[in-house]
Amino acid sequence: MAGGGGRVIRVLNVAEKPSVAKAVSGILSKNQPGGMRVRDGRSRYNKIFEFNYTIRNQPCQMLFTSVTGHLMELEFDERYRKWHSCDPLDLYNAPVRKFVPEDKLDIKRTLEAEVRSCQWIVLWLDCDREGENIAFEVLDVCRQANHNLNVWRARFSALIDREIHQSVQTLVQPNQLFSDAVDVRQEIDLRIGASFTRFQTMLLRGAFVLDFATDDRNIVLSYGPCQFPTLGFVVERYWEIQAHEPEEFWTINCTHNSDEGTATFNWMRGHLFDYTCGVTIYEMCIQEPIATVTKVKQQEKLKYPPHPLSTIELEKRASRYFRMSSEQTMKVAEDLYQNGFISYPRTETDSFSEKTDLRTMVQEQEGHPVWGIYAQRLLDPQSGLWRNPSGGGHDDKAHPPIHPTKFSAGETRWSQDHHRVYELVVRHFLACVSQPAVGAETIVEIDIAGESFSACGRVILAKNYLDVYRFESWGGSVIPTYSFGQQFTPTTLTLDSGVTRPPPLLSEADLLGCMDKAGIGTDATMHDHIKKLLDRFYAIKDSNTRFSPTKLGEALVMGYDDMGYELWKPYLRAMMECDMKAVSIGTKRKVEVLETCLQQMKACFSDARTNKGKLLEAMAIFFERSNRSSGGEQQAVGDVVRRCGLCLESDMVLRQKPDGNFMVGCLGYPQCRNVVWLPGSVSEASVTENTCTSCSPGPVFKIQFKFRRLEIPPNYSVQHLGCIGGCDDILRQLVEICGTGSRNNSNTSGRGRGNPTASSSAQRGNSRAQSSCAYCRQTGHLSNDCPSQASRGRTARAQEVDNGESSIPCNSCGAPCILRTANTANNRGRKFFSCQSQECNFFVWEDNLNGGRAERANTSASTSSGRGGRGRGRGRGQSGAHSSNVSFVSATGEPITGRCFICGDPGHFANVCPRRG
DNA sequence: GCAAGGTC
């Protein structure tokens, strides 16, 4: 590797964080002539250490600096950065680039400046996949500044002298495959996260009144491959609790008092759900109540101290013992680390290296007023209290378990949480080098009329580690002495009932456990994902530090669940993790994994968007519809016609407005209001692949139009391939003749149309638009009078049981609605109208019609002819077909079909499920 | 204004 002797070379060493640069420099510079010098770089945190060292006989002048985690970020090209700049689906193919963000430029400049004078670079990044990726980021920057670099990677598993010296003498090459795996993760996370976040935010934010937010216009409904499964755990448990049906059970209890005390015997059958069975056995016991001792077993039991402390355990225990949030725990731990009191707090490692000098660490604690005496006992060989710690089998190869690094009896600037975390770290450390607690356990089994019962007694012989680990206890109870074959009459023998209980809501420790098990997040990020749920209003933490979903969190999960997707389950992440592993060991190639995964996710995204009705339905269960003109996402999607010539940033897309009219609008709306209105007589329009040869800037894609025959003059053709770039005379003439669907010219266009009987014109006028219902969008009534509101909030659920004689015209399609009687638990006997048409699922409670019936009937009559096929096109088609399930009407007036996710019954939804309690 | 991953 190195040349022998002679010329001194300069070596730039780079660590992942300042603390490692300092620690490694300290180790390598020890006993070196000239010692270690420190100077500032451009970044105030990342110092540069200088010392001399010899690597395999090559004298080196070492420069040692650091980065702070990733040096680069992945982002979409500028063109796709703005939310309205493109269809979110495009984010699966949009070009991405890696760049050094503003706040890391100082570090980049330091590296560039220092590497120019060096011949070698040694990468001391953490020895995990992320570390390897950061190594390549550093390399990228350094190679651009110095093309003739000799590149080396140092592999070390702990910051201890022997390891460090050994690793610098056995330098290796950086591992491209490890880095590739991280590239894959980054790109997938970015594309999935951004596309789904934009999609669901734009779809739902304006469409519902999000009553938890002061200004819901700024709220972001984010989606991420880690945050959503985390939410999924919370929702799943919540549903499990709601679905729980308490069940009564029966059990036989037996106690026996003697001079020595009381023994409680448990029935070895546990409990029975069958009362008759329970009573029968109980009666048998009562008739022959003499108990015979069939077994007496005495044994020594050990209760072991915990494994050395990893990050997750620290978070879990601080939550359990002090009710601290994982986020706060990490904040405090970071501060203690920065000030030298504890070791690096982000580690998976839960076993100490054999070389660690544990006794010196214990020694440091001997002077503590509370646990100092315990530390002294530990070091006293006479006490026999010492035990080499057992490992939990995890090792991140970069950091030791969390342990105290400096003695403190408490600092004045410390908060209560600082005291708690430091105390936990120290006591935990002292506990894991201690002997386990020892107990003597006695198990006694008895027989009464052929039924077996058992009792357990425990005496603690030596508390050992429990003396210092005050957070744990070991309950013990003394029972009288029994001998084999002994007979006695029980003091009590009772048949008791109980009911099964649902599991509790997830605690923070539970949640961390779920995430850890499913591989969601890393030790350094788990608390971030939990906090994100709270910040995004997806979940709340109650006073008992247990998590439950908010309405928003539940609705989102329910929406995706109803689609049949498991986007809220941990499987996606697990699959990604599996693929990353394959990339890192070279069994799969980076490009192939990226391509496959993104292709699948793109299809999934596309599919989810087609099924967005499910998300809307789920949201409608929990939230009021908003009156704001929204459904931003619904309107935002359309085929691109051209680049916007006004803002020059976004695309212009062809859209059909809710009233049926077509327009070409800029996706930059509302920042950019560029719009081209199309003739009101267009019945169909679609963007083709033909481009206009005369309009610029191009390309301007031509649109295939179909006009309504009766609304255009006879000398114009019904079919027309047109251009909106300004060159198309026919289109311009038809706009003049027929008008457009815009609000501004609707009155004049109405006049110019010359065909007052045309159905579309009746709905297009501004005055009519204002009097249309905000919920069902029909004219003739306002939202406060909307008949479909009867079923909003999912309180109206009906199953028809008889054919009625009365009927009204359907408010939706005009067909007759027949009066029927409901037969559900909540609404038995209540009358409702339901549409007869096979195509329509309109439904309204009779008692909600009140005085509005006549008006509704008129409205229906007048609009039914006008709505025709076009009205139906607005989203009715996808869920309008009759199914074997019972159908309902949502807040929008659209039919919903489905079934309860709790019990599976197609007759109702989960919010009214009787099992929900 | 979107993700998750480093770390200050």
Side-chain angles (χ1 to χ4, degrees), chain A residues 15-22 41 43-47 66-76 80-86 88 91 94 96 98 100-101 103-104 106-107 125-126 128-138 179 181-203 205 215-230 311 330-331 333-335 337-339 344-347 396 398-399 515 519-529 531-532 535-536 567 572-573 576-577 580 601 605 632-633 671:
Chain A
E16 190 163 319
K17 41 196 160 271
S19 61
V20 172
K22 189 178 176 186
S43 148
R44 58 184 276 235
Y45 300 109
N46 306 83
K47 309 277 184 206
S66 54
V67 288
T68 46
H70 277 286
L71 185 58
M72 297 182 169
E73 279 178 14
L74 188 70
E75 250 305 356
F76 293 110
Y80 297 87
R81 297 278 273 273
K82 292 209 165 134
W83 278 38
H84 290 279
S85 66
C86 66
L91 296 177
V96 287
K98 253 189 159 185
V100 179
D103 62 337
K104 298 284 174 77
D106 279 342
I107 298 177
L125 288 307
D126 290 358
D128 52 24
R129 288 197 298 235
E130 295 294 333
E132 213 64 27
N133 191 262
I134 300 171
F136 280 89
E137 292 174 356
V138 169
S179 175
V182 173
D183 285 342
V184 169
R185 177 196 59 70
Q186 287 179 341
E187 195 171 328
I188 293 173
D189 283 347
L190 176 66
R191 293 187 191 276
I192 295 176
S195 58
F196 273 94
T197 299
R198 289 184 192 182
F199 157 67
Q200 65 185 28
T201 303
M202 293 194 283
L203 174 69
R205 182 170 57 189
D215 182 5
D216 63 14
R217 284 161 210 263
N218 291 328
I219 209 163
V220 171
L221 306 182
S222 63
Y223 175 89
C226 284
Q227 53 179 275
F228 246 59
T230 307
T311 303
M330 290 312 288
K331 215 150 111 188
E334 178 67 27
D335 194 54
Y337 161 68
Q338 292 294 334
N339 288 287
Y344 188 71
R346 286 178 285 273
T347 178
D396 62 16
H399 309 283
M515 294 169 75
I520 301 298
T522 67
D523 48 5
T525 61
M526 279 176 175
H527 66 274
D528 282 336
H529 300 312
K531 183 167 181 288
K532 189 151 274 175
D535 291 345
R536 296 283 192 218
L567 288 168
L572 172 64
R573 198 67 187 171
M576 281 170 62
E577 186 57 39
M580 275 172 69
M601 283 312 296
F605 178 80
E633 200 276 338
Q671 283 77 29

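Keep in mind that this is a model prediction, so the values were computed, not measured. Just so it is clear: chains get the letters A, B, ... in the order the sequence lines come, proteins before strands, and each one is counted from 1.
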Worksheet item: Once the angle between the rings of A/Y223 and A/F196 is folded into 0 to 90°, is it parallel (under 30°), tilted (30 to 60°) or perpendicular (over 60°)?
Response: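 Taking A/F196 first and then A/Y223, their aromatic rings sit tilted (interplane angle of 30° to 60°).
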Phosphate contact ([N] OP1 or OP2) by [X] side-chain N/O below 4.0 Å:
X	N	answer
A/T522	B/dG6	yes
A/H529	B/dA3	no
A/R536	B/dC2	yes
A/Y344	B/dT7	yes
A/Q186	B/dA3	no

Worksheet item: Would you say the side-chain atoms of A/T311 pair up with the backbone N or O of A/T347, donor to acceptor, closer than 3.5 Å?
Response: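 The answer is yes, because a donor-acceptor pair under 3.5 Å joins these two groups.
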Worksheet item: A/N46 side chain to A/V67 main-chain N or O, any donor-acceptor pair under 3.5 Å?
Response: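 A pair under 3.5 Å: yes.
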What's [X] touching, base or sugar-phosphate or nothing? Going by heavy atoms closer than 4.0 Å.
X	value
A/D103	nothing
A/G521	sugar-phosphate
A/F228	nothing
A/R185	base

Fill in: Which residue lies more 5' along DNA chain B, comparing A/L91 with A/E130 via nearest heavy atoms
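Nearest nucleotide further toward 5': that of A/L91.
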Worksheet item: Given that A/P225 and A/V67 both sit by DNA chain B, which one's nearest nucleotide is further toward the 5' end?
Response: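 Per heavy-atom nearest nucleotide, the more 5' residue is A/P225.
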Starting the side chain at C-beta, find the nucleotide from [options] nearest to [X].
X	options	answer
A/T197	B/dA3, B/dG1, B/dT7	B/dA3
A/R346	B/dC8, B/dA3, B/dG6	B/dC8
A/H70	B/dT7, B/dG5, B/dC2	B/dG5
A/F76	B/dC2, B/dA4, B/dC8	B/dC2
A/H84	B/dG1, B/dG6, B/dC2	B/dG1
A/R81	B/dC2, B/dT7, B/dC8	B/dC2

Discussion item. Using the rule side-chain contact (heavy atoms from CB on, under 4.5 Å), only one of A/K17, A/K22, A/E16 pairs with A/V20; which is it?
Written reply: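 The residue from A/K17, A/K22, A/E16 that satisfies side-chain contact (heavy atoms from CB on, under 4.5 Å) with A/V20 turns out to be A/K17.
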Practice prompt. Tell whether A/E75 reaches the base of B/dC2 with its side chain through a donor-acceptor pair below 3.5 angstrom.
Written response: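 Between B/dC2 and A/E75, which were checked side chain against base, a qualifying N/O pair under 3.5 Å is present.
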Worksheet item: Stacking between A/Y223 and the base of B/dA3 (centre distance under 5.5 Å, interplanar angle under 30°)?
Response: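 No, the aromatic ring of A/Y223 does not stack with the base.
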Worksheet item: Are A/D106 and A/R44 ion-paired here, with the side-chain N under 4.0 Å from a carboxylate O?
Response: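 Salt bridge between A/D106 and A/R44, a charged N being under 4.0 Å from a carboxylate O: no.
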